[in-house]
Amino acid sequence: MAPKTLSSFLSPFTFTLPNPKLLNLNLHPNPTLILCRFSQPHQKPPLSEPQLPQPEGTGAAAPTPGDRFLESRRSFDAAKILLKEKKKKRLKEKPLKLSTAVACCYGCGAPLQTSEPDAPGYSDPETYALKKKHHQLRTVICGRCKLLSHGHMITAVGGNGGYSGGKQFIMAEQLREKLSHLRYERALIVKLVDIVDFNGSFLARVRDLAGANPIILVITKVDLLPKGTDFNCIGDWVVEATVKKKLNVMSVHLTSSKSLVGVAGVASEIQKEKKGRDVYVMGSANVGKSAFISALLKLMAEKDPVAASAQKYKPIQSAVPGTTLGPIQINAFLGGGKLYDTPGVHLHHRQAAVVHSEDLPSLAPQSRLRGQSLPNSQVSSGNITTWKGNSNDLNGYSIFWGGLVRVDVLKVLPETRLTFYGPKSLQIHMVPTDEADEFYQKQVGVLLTPPTGKERADEWRGLDSQRQLQIKVEDVQRPACDVAISGLGWISIEPICRLLRSSDSNSEKTAGELHLAVHVPKPVEIFVRSPIPVGKSGAEWYQYRELTEKEEEERPKWYY
């Protein structure tokens with residue numbers, strides 16, 4: 001038997017050791033030969049048999065486990081560095097969230113200070129020092145808020161949507177910037193809209209501030225709507241208008257902070273959807289955010305001791321847009337999350353941006369609205385200055401709504417009626433159009449208020465913006481449209497008087513177009529919208545739109 005040689009013990013396979021540099025192994029400087037013996041030696045295939053290709057990823061050239069490990073670690077480290085760079089870049093672009101460590105006035109949110117007595121946030125130095133010593137700065141209210149609570153009209157906002165009069169300490173753009181961080185936060189947004197000024201206070205670009213956060217839409221001041229209003233019609237009208245504005249909301253709530261109607265439903269929705277997040281109440285200036293928060297705390301205090309204690313230091317309420325000058329943190333919830341009252345977003349296209357601060361209360365209705373209609377014998381005896389011609393014909397006349405709005409009736413049918421819904425303090429006066437300019441120059445600041453007084457009238461910019469309206473009449477059984485004046489109210493355009501609707505003799509000739517010219521101060525905006533169904537007659541002519549199954553599912557629900 002021939003002696004076995006070394007080659008007979010070697011396998012036909014070639015073994016390759018991993019690169020010691022890649023594996024970072026400390027190998028012995030003198031390599032050792034390793035012999036492998038198989039129990040069943042592999043026979044070499046015949047020379048004539050072709051070699052089969054080895055599958056990809058195997059064989060002598062395949063990466064070793066060490067190579068794969070090293071490659072994965074390098075990829076992981078590179079991705080980690082890239083994520084850090086992106087995070088740094090994002091942090092540079094992201095606005096910093098306002099620090100809650102700075103002591104602020106609980107009434108308006110302005111930072112407390114002791115250097116400028118006339119500025120927001122001022123506190124008496126002795127009081128400030130005492131409260132600071134006892135860690136009670138969050139219980140301090142500034143001097144401006146004390147004056148506001150006693151009815152003083154102290155302005156503090158200028159610029160886009162701000163107004164003249166008083167000392168200006170902050171610009172409207174700065175107030176808006178204080179809300180810009182919300183789009184990066186995980187929050188629940190409660191957006192408020194004034195039903196009397198629905199279009200002017202809607203904040204169409206609210207997603208620029210709220211980002212992708214969920215929104216609960218709250219309609220305020222529904223107690224001001226005319227007597228007999230059907231809230232089923234109002235709720236459907238609001239949802240339709242919200243869908244047309246392409247704003248996706250979770251739900252719609254009709255509320256009154258004064259009577260607490262609908263507020264309980266909002267409180268329940270907040271508790272359900274909060275999920276540990278902070279809750280931000282936001283909306284345009286003077287929409288009623290502070291009043292809503294007070295009503296919300298009042299209802300929550302019945303079951304929540306935390307909300308009960310928060311009632312003692314709640315935000316101040318006043319008729320001055322810009323009362324709240326900074327986010328006000330309120331500890332109102334058990335189990336995490338804060339409630340924030342935010343500065344009102346000042347809109348340059350509202351009447352509050354152009355009138356004097358002392359005239360601001362005249363823009364806010366204090367009681368239930370009662371429409372003032374023309375032609376109407378009850379109104380003409382008190383407010384109409386001059387009346388010539390047919391008692392049912394408005395053609396050739398100009399109607400003044402206080403000193404803020406002028407409507408020239410260019411072409412309407414004799415039965416057309418205009419009904420004004422807004423503050424009672426703004427009286428209606430009507431004169432022939434050819435005498436309107438002279439009448440306005442003589443009576444602005446006197447009969448036509450606001451502006452109130454000769455001094456304010458001299459500084460008044462006048463009705464320097466005009467919009468021509470051509471209104472199509474399609475159904476004489478319902479109002480043709482509403483002409484909404486931003487920050488004031490609306491005018492309902494009815495193609496035929498209700499008293500004449502019983503007779504269909506004139507129904508056919510009412511079809512066509514109505515031509516009006518509406519004058520307002522710059523930059524006040526005029527909206528033409530679908531008529532809102534108010535009063536007892538609203539439920540008679542309002543038509544619910546037929547919805548598909550998909551629309552029914554996607555449409556937000558409304559509550560009252």
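The shown structure was predicted, so the numbers you read here are calculated from the model rather than taken from an experiment.
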Residues passing the side-chain contact (heavy atoms from CB on, under 4.5 Å) test with Glu525, sequence neighbours excluded, are His349, Ser486, Phe527

- Task: May I ask you to test the Glu415-Val476 pair for a side-chain heavy-atom distance under 4.5 Å?
- Result: no

Asn232 meets the side chain to side chain donor-acceptor pair (under 3.5 Å) criterion, sequence neighbours left out, with Asp230

Hits for side chain to side chain donor-acceptor pair (under 3.5 Å) against Lys472, two or more places apart or cross-chain, chain-then-number order -> none

Heavy-atom count around Lys411 NZ within 6.0 Å, excluding the residue itself: above 12? no

Residues at least two apart in sequence or cross-chain that pass side-chain contact (heavy atoms from CB on, under 4.5 Å) with Ala436, listed by chain then number, are Ser398, Phe400, Arg406, Val431

Separation between CG (Leu254) and CD1 (Ile234), nearest 0.5 Å, reads 8.0 Å

Quick note, ring pair (Phe, Tyr, Trp, His ring centres under 6.0 Å) partners involving residues 449-484, not counting sequence neighbours, are none

Hits for ring pair (Phe, Tyr, Trp, His ring centres under 6.0 Å) against Trp490, two or more places apart or cross-chain, chain-then-number order -> Tyr421

Contacts of Lys536 meeting side-chain contact (heavy atoms from CB on, under 4.5 Å) (sequence neighbours excluded), chain-then-number -> none

### Query
Can you check whether Lys191 reaches Leu247 side chain to side chain, under 4.5 Å on heavy atoms?
yes

Q.
Are the side chains of Val446 and Gln443 in contact, using a 4.5 Å heavy-atom criterion?
A. yes

- Near Arg461 CZ, under 6.0 Å, is it more than 12 heavy atoms from other residues, nucleotides or ligands? yes

Would you list the atom pairs, donor with acceptor, under 3.5 Å between side chains in residues 214-227 and any protein atom, with sequence neighbours excluded?
unit_1 : atom_1 : unit_2 : atom_2 : d
Thr220 : OG1    : Val193 : O      : 3.3
Thr220 : OG1    : Val287 : O      : 3.2
Lys221 : NZ     : Asp194 : OD2    : 3.2
Asp223 : OD1    : Ser256 : OG     : 3.0

Sorted by chain and number, sequence neighbours left out, salt bridge (charged side-chain N to carboxylate O under 4.0 Å, His left out) with Glu554 holds for none

Should Glu459 and Pro451 count as side-chain neighbours, where that means a heavy-atom distance under 4.5 Å? no

**Message:** With a 4.5 Å cut-off on side-chain heavy atoms, are Val483 and Arg467 touching?
**Reply:** no

*If you measure only the distance, is there a donor-acceptor pair under 3.5 Å linking the side chains of Tyr280 and Asn213?*
no

Hits for ring pair (Phe, Tyr, Trp, His ring centres under 6.0 Å) against Trp237, two or more places apart or cross-chain, chain-then-number order -> Phe198

May I ask you to test the Pro327-Pro343 pair for a side-chain heavy-atom distance under 4.5 Å? yes

dist Leu488:CG -> Leu363:CG (nearest 0.5 Å) comes out at 6.5 Å

inquiry  = Could you check whether any side-chain N or O of Ser492 sits under 3.5 Å from a backbone N or O of Thr419, counting only pairs where one atom can act as donor and the other as acceptor?
reply    = no

Across all chains, not counting sequence neighbours, the salt bridge (charged side-chain N to carboxylate O under 4.0 Å, His left out) partners of Lys146 are none

Distance col, row Leu179:CG vs Thr342:OG1, nearest 0.5 angstrom, shows 5.0 Å

Worksheet item: Would you say Ile493 and Leu418 make side-chain contact, with heavy atoms under 4.5 Å?
Response: yes

Rounded to the nearest 0.5 angstrom, the CZ-CH2 distance for Phe420 and Trp401 is 7.0 Å

side-chain contact (heavy atoms from CB on, under 4.5 Å) filter on Thr449, not counting sequence neighbours, yields Thr452

Could you tell me whether Arg555 and Glu240 have a side-chain N and a carboxylate O separated by less than 4.0 Å?
yes

Please say whether more than 12 non-hydrogen atoms of neighbouring residues, nucleotides or ligands are located less than 6.0 Å from CD in Gln468. yes

Interatomic distance, CG@Leu426 vs CD1@Ile485, rounded to 0.5 Å, equals 11.5 Å

When rounded to the nearest 0.5 Å, the distance separating SG of Cys108 from CD1 of Ile141 is 8.0 Å

Practice prompt. Flag the pair Leu182 / Met282 as yes when at least one side-chain heavy-atom distance between them is below 4.5 Å, and no otherwise.
Written response: yes

